[in-house]
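Single-structure report; data block below.
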Amino acid sequence: MRNAAYYKHLARRRLTGQRIGFAVAFGILLATGSFLLLGGEATARVAGLVHGSWRYDGLNGVLALIGFLLLTPLRFGIRRRTFRLARGQELPVSEIFSPFGSAALLVRLWVLKLLVRGRGALWGMGPYAASGVLLALLKRGAADERVIAVGCVGCLALGFGLSTLARAKSFLCEYLLTDKPGESPWRLFRASDRQMKGRLARLFALRLHFAGWFFLGLVGVTLPSILTYYEMTAASLAADWMEESA
């Protein structure tokens, strides 16, 4: 069985001569997200919006929606370009903008992402709600504060774990959409579930291999390069799994 080290080596080989282009693509993605975040704060200051007010929350809600509509296609464009390179097809950096050229594809992608995120939120809803109740008790100065605090943290961890597991089942969704751009989001969603059976542990092992790299990226300026490395490794793994399931 091919392990994470094999796919990381394969990714490094496939990225030969491609790293700068992918770093530029991820730089565009991260810069767009940062622009929305900083633009929102600047707008709030100019308009005199108070943190916690309904106007401030409304502005953040609008920006979150804009971010979803813009960043989701950009991320998909990068992932699709990576996946095609993993299959031997080189495409220009401009490929990351190609999803914006098809309204039908955009709608399918947005619906697919809502399905993935919705299930993640649904699976974690119970523990998150329990954590909220425990937090409210803690703020009221209930007895056994330590026990309540531990329970609150435990519920948060459980909710995060369940949400992560739910989203891992959807790992192949965007790769499947790349192969079948005309397929319905629900069928792609279910197809990913079927093909990920028995493979979740291997996916988490791969992500664990990159934990240190991601931490390094968060404290430095190497994040675009690290994301490129991870995406190519993940795309190589997805290409093999999809071929095995064909």
Looking at side-chain heavy atoms only, is the closest gap between Leu74 and Ile78 below 4.5 Å?
-> no
Would you find a donor on one side and an acceptor on the other, under 3.5 Å apart, between the side chain of Ser131 and the backbone of Pro127?
-> no
Sequence neighbours excluded, which residues qualify as ring pair (Phe, Tyr, Trp, His ring centres under 6.0 Å) partners of Phe83?
-> Tyr175
Residue pair Val93, Phe22: steps toward the side-chain contact (heavy atoms from CB on, under 4.5 Å) verdict = CA-CA 7 Å; Val93 177; Phe22 277 105; over 6 Å; no
List in chain and number order the residues that pass side chain to side chain donor-acceptor pair (under 3.5 Å) with Arg55, two or more places apart in sequence or in another chain; answer none if no residue qualifies.
-> none
Euclidean distance, Leu162 CG relative to Tyr128 OH, rounded to 0.5 Å | 8.5 Å
When you look at CD1 of Ile20, are more than 12 heavy atoms from neighbouring residues, nucleotides or ligands closer to it than 6.0 Å?
-> no
side-chain contact (heavy atoms from CB on, under 4.5 Å) partners for Ala86, two or more places apart | Arg14, Met232, Ala235, Ser236
Within the side chain of Ser102, is there an N or O that forms a donor-acceptor pair under 3.5 Å with the backbone of Pro99?
-> no
Not counting sequence neighbours, which residues clear side chain to side chain donor-acceptor pair (under 3.5 Å) with Asn60? List them please.
-> none
Identify whether NZ of Lys or CZ of Arg in Lys113 sits under 6.0 Å from the centre of the six-membered ring of Phe76 and within 45° of that ring's axis.
-> no
What pairs of residues pass the salt bridge (Lys or Arg N to Asp or Glu O under 4.0 Å) test when at least one of them lies in residues 59-86, not counting sequence neighbours?
-> Arg75-Glu231, Arg79-Glu174, Arg79-Glu231, Arg80-Glu95, Arg84-Glu95
Report the residues that fulfil ring pair (Phe, Tyr, Trp, His ring centres under 6.0 Å) with Phe189, sequence neighbours left out, ordered by chain and then residue number.
-> Trp186
Show your reasoning for whether side-chain contact (heavy atoms from CB on, under 4.5 Å) applies to Tyr7 and Arg202.
-> CA-CA 11 Å; Tyr7 287 105; Arg202 293 174 63 189; 4.3 Å; yes
Members sharing Val50's hydrophobic cluster, built from side-chain contacts under 4.5 Å between Ile, Leu, Val, Met, Phe, Trp and Tyr, are none
Is the side chain of Ser192 donor-acceptor paired with the backbone N or O of Lys169 at a distance under 3.5 Å, no angle test?
-> yes
Do the side chains of Leu156 and Leu122 join up, straight or via other hydrophobic residues, at under 4.5 Å, putting them in one cluster?
-> no
Answer whether the closest heavy-atom distance between the side chains of Leu105 and Leu177 falls below 4.5 Å.
-> yes
Where do Thr228 and Pro224 come nearest, in terms of heavy atoms and distance?
-> OG1-O, 2.8 Å
State, to 0.1 Å, how close Val116 and Cys173 come at their nearest heavy-atom pair, and which atoms those are.
-> CG2-SG, 4.2 Å
In one Ile/Leu/Val/Met/Phe/Trp/Tyr side-chain cluster, 4.5 Å: Leu237, Leu200 | yes
Residues in side chain to side chain donor-acceptor pair (under 3.5 Å) with Arg199, at least two apart?
-> Glu244, Ser245
If you look at every heavy atom in Met242 and Asp179, which pair is closest and at what distance?
-> CE-OD2, 3.2 Å
Which atom names give the shortest non-hydrogen contact between Leu134 and Gly151, and what distance separates them?
-> CD1-C, 3.4 Å
Could you pull out all residues at least two apart from Asp57 that satisfy salt bridge (Lys or Arg N to Asp or Glu O under 4.0 Å)?
-> none
Report whether Phe204 and Met196 are members of the same hydrophobic cluster (ILVMFWY, side-chain heavy atoms less than 4.5 Å apart, transitive linking).
-> yes
Cluster link Phe97 to Leu71, ILVMFWY, side chain under 4.5 Å | yes
Can you establish whether the number of heavy atoms outside Phe100 located under 6.0 Å from its atom CZ is more than 12?
-> yes
Take Lys180 and Arg187 through the test side-chain contact (heavy atoms from CB on, under 4.5 Å) and record every step on the way to the result.
-> CA-CA 10 Å; Lys180 300 177 180 178; Arg187 289 185 178 180; over 6 Å; no
Has the side chain of Ser53 got a donor or acceptor atom that lies under 3.5 Å from a matching backbone atom of Tyr56?
-> yes
Kindly indicate whether the side chain of Leu85, heavy atoms from C-beta on, has any atom under 4.5 Å from the side chain of Leu91.
-> no
Residue pairs meeting salt bridge (Lys or Arg N to Asp or Glu O under 4.0 Å), one or both in residues 100-112, sequence neighbours left out, come to none
Hydrophobic cluster membership, Val24 vs Leu30, 4.5 Å side-chain cutoff = yes
Residue pairs, two or more places apart or on separate chains, that pass salt bridge (Lys or Arg N to Asp or Glu O under 4.0 Å) and touch residues 30-51 = none
With a 3.5 Å cut-off and no angle check, do the side chains of Tyr229 and Arg19 form a donor-acceptor pair?
-> no
Determine the minimum heavy-atom distance between Arg167 and Gly120, stating which atoms define it.
-> CG-CA, 4.3 Å
For the atom pair CZ (Arg194) and CG (Leu172), what is the distance rounded to the nearest 0.5 Å?
-> 11.5 Å
Using side chain to side chain donor-acceptor pair (under 3.5 Å) as the criterion, list what pairs up with Arg207, not counting sequence neighbours.
-> Tyr230
Closest non-hydrogen atoms of Ala166 and Arg119, given as atom of the first, atom of the second and distance, are O-NH2, 3.2 Å
Plane angle bin for Phe171 and Trp241 - parallel if under 30°, tilted between 30 and 60°, otherwise perpendicular = perpendicular
Less than 4.5 Å apart, any side-chain heavy atom of Pro73 and any of Trp110?
-> yes
